[in-house]
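Accompanying notes for the structure given below.
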Amino acid sequence: MGMIELWHQLPEVRNLEFHYNGHSDHNEQYTDVHVLKPYDISSQEADFTWDNVRFTSKREWFGAPRNEHLLVFRQTIEPFADCNFTLSTWMEEPAENALWQIEQTLEQENNSCGFLFRNAQGKHLILCETSQITSFSMKVSETREKVRRNYEITAFEESPIRVEKYFSLHTDDEEDYQEAAFRECREASKIRFGDLKGRGAWIL
């Protein structure tokens with residue numbers, strides 16, 4: 001079975017919501033997915049005005065060129081006023097009848113976490129992620145609970161907030177597959193979104 005087919009068998013990992021004064025964004029508020037050439041970057045956008053404060057939001061993701069183990073995601077939120085808001089990011093758990101079920105939740109100190117999955121035949125795979133948040137001007141308070149991250153943000157007008165997430169998927173066909181997945185996430189987070197894109201990306 002190919003890696004891309006395995007990605008499609010697993011729960012959604014690109015989950016990120018932001019909340020402001022009781023308002024929150026939802027998937028149906030975003031545009032349809034557009035695939036941007038020449039690097040095959042999938043993209044969605046939305047524009048919100050809540051309590052007289054305008055926000056724009058853009059989601060972008062791609063499968064790393066020539067590497068079907070690595071998925072890269074970025075969401076950019078820009079407020080048009082000084083404000084406080086919350087970001088939440090997480091990986092979904094599988095349905096009860098899904099092919100792959102969680103055997104163990106894994107966490108590491110370097111802001112990495114993941115799920116160890118097992119199927120009915122006893123085969124294992126690991127899906128892990130590393131998250132980081134950046135801006136030229138903001139204050140952030142972070143809380144973590146297993147594979148969920150919550151960020152309390154003090155943001156400033158027209159200073160975009162970027163959340164980057166790097167996902168790695170490896171199977172027990174490899175001898176050190178768990179370490180390989182976490183290592184790949186760590187290395188990708190150092191290279192960053194802009195330098196990982198390139199021709200030959202795969203689409204999820």
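Because only heavy atoms are used, hydrogens play no part in the values below, and waters and symmetry mates are left out as well, while side chains stay in. Numbering of residues begins at 1 and proceeds along the displayed sequence.
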So salt bridge (charged side-chain N to carboxylate O under 4.0 Å, His left out) across residues 10-22, not counting sequence neighbours, yields Glu12-Arg14
(message) Would you say that Phe182 contacts Leu106 through its side chain, given a criterion of any heavy-atom pair below 4.5 Å between the two side chains?
(response) yes
Contacts of Glu152 meeting salt bridge (Lys or Arg N to Asp or Glu O under 4.0 Å) (sequence neighbours excluded), chain-then-number -> none
- Using a 4.5 Å cut-off on heavy atoms from C-beta on, say whether the side chain of Ile77 contacts that of Leu87. yes
Check: Can you say whether the rings of Tyr20 and Trp50 are parallel (under 30°), tilted (30 to 60°) or perpendicular (over 60°)?
Finding: parallel
* Asked: Does some side-chain heavy atom of Ile102 sit less than 4.5 Å from a side-chain heavy atom of Phe117?
  -> yes
With side chains defined as the heavy atoms from C-beta onward, is the minimum distance between Phe18 and Pro79 less than 4.5 Å? no
Residues passing the side-chain contact (heavy atoms from CB on, under 4.5 Å) test with Cys185, sequence neighbours excluded, are Cys128, Thr130, Ser168
Mind checking whether His69 and His170 have parallel, tilted or perpendicular rings, split at 30° and 60°?
parallel
So the salt bridge (charged side-chain N to carboxylate O under 4.0 Å, His left out) pairs with at least one residue in residues 34-53 (sequence neighbours excluded) are Lys37-Asp40, Asp47-Arg54
For Arg148, the side-chain contact (heavy atoms from CB on, under 4.5 Å) test, sequence neighbours excluded, returns Ser88, Trp90, Asn150
Can you check whether Ile161 reaches Val140 side chain to side chain, under 4.5 Å on heavy atoms? no
Is a side-chain donor-acceptor pair under 3.5 Å present for Thr143 with Glu145?
no
Under a side-chain separation threshold of 4.5 Å, the hydrophobic residues clustered together with Ile203 are Val35
Across all chains, not counting sequence neighbours, the side-chain contact (heavy atoms from CB on, under 4.5 Å) partners of Asn84 are Thr154
For Arg183, the side-chain contact (heavy atoms from CB on, under 4.5 Å) test, sequence neighbours excluded, returns Glu179, Ala180, Arg186, Glu187
Contacts satisfying salt bridge (charged side-chain N to carboxylate O under 4.0 Å, His left out) that involve residues 20-34 (not counting sequence neighbours) are Asp25-Arg59
Output for pair (Phe62 CZ, Leu71 CG), nearest 0.5 Å, gives 8.5 Å
Contacts satisfying salt bridge (charged side-chain N to carboxylate O under 4.0 Å, His left out) that involve residues 68-89 (not counting sequence neighbours) are Glu60-Arg74
Here the side chain to side chain donor-acceptor pair (under 3.5 Å) pairs for residues 189-204, sequence neighbours left out, are Glu164-Arg192
Rounding to 0.5 Å, atoms NZ (Lys165) and OG1 (Thr89) come to a distance of 2.5 Å
Problem - Distance-only donor-acceptor check, side chains Ser57 and Tyr30, under 3.5 Å - result: yes
Might you confirm whether atom CG of Asp173 has over 12 heavy atoms from other residues, nucleotides or ligands at distances under 6.0 Å? yes
- Is Tyr166 reachable from Trp61 through a run of I, L, V, M, F, W or Y residues, each pair having side-chain heavy atoms under 4.5 Å apart? no
Strictly by modelled atom types, are Asn119 and Gln9 linked by a side-chain donor-acceptor pair under 3.5 Å?
-> no
Taken in chain and number order and not counting sequence neighbours, the residues that satisfy salt bridge (Lys or Arg N to Asp or Glu O under 4.0 Å) with Lys146 are none
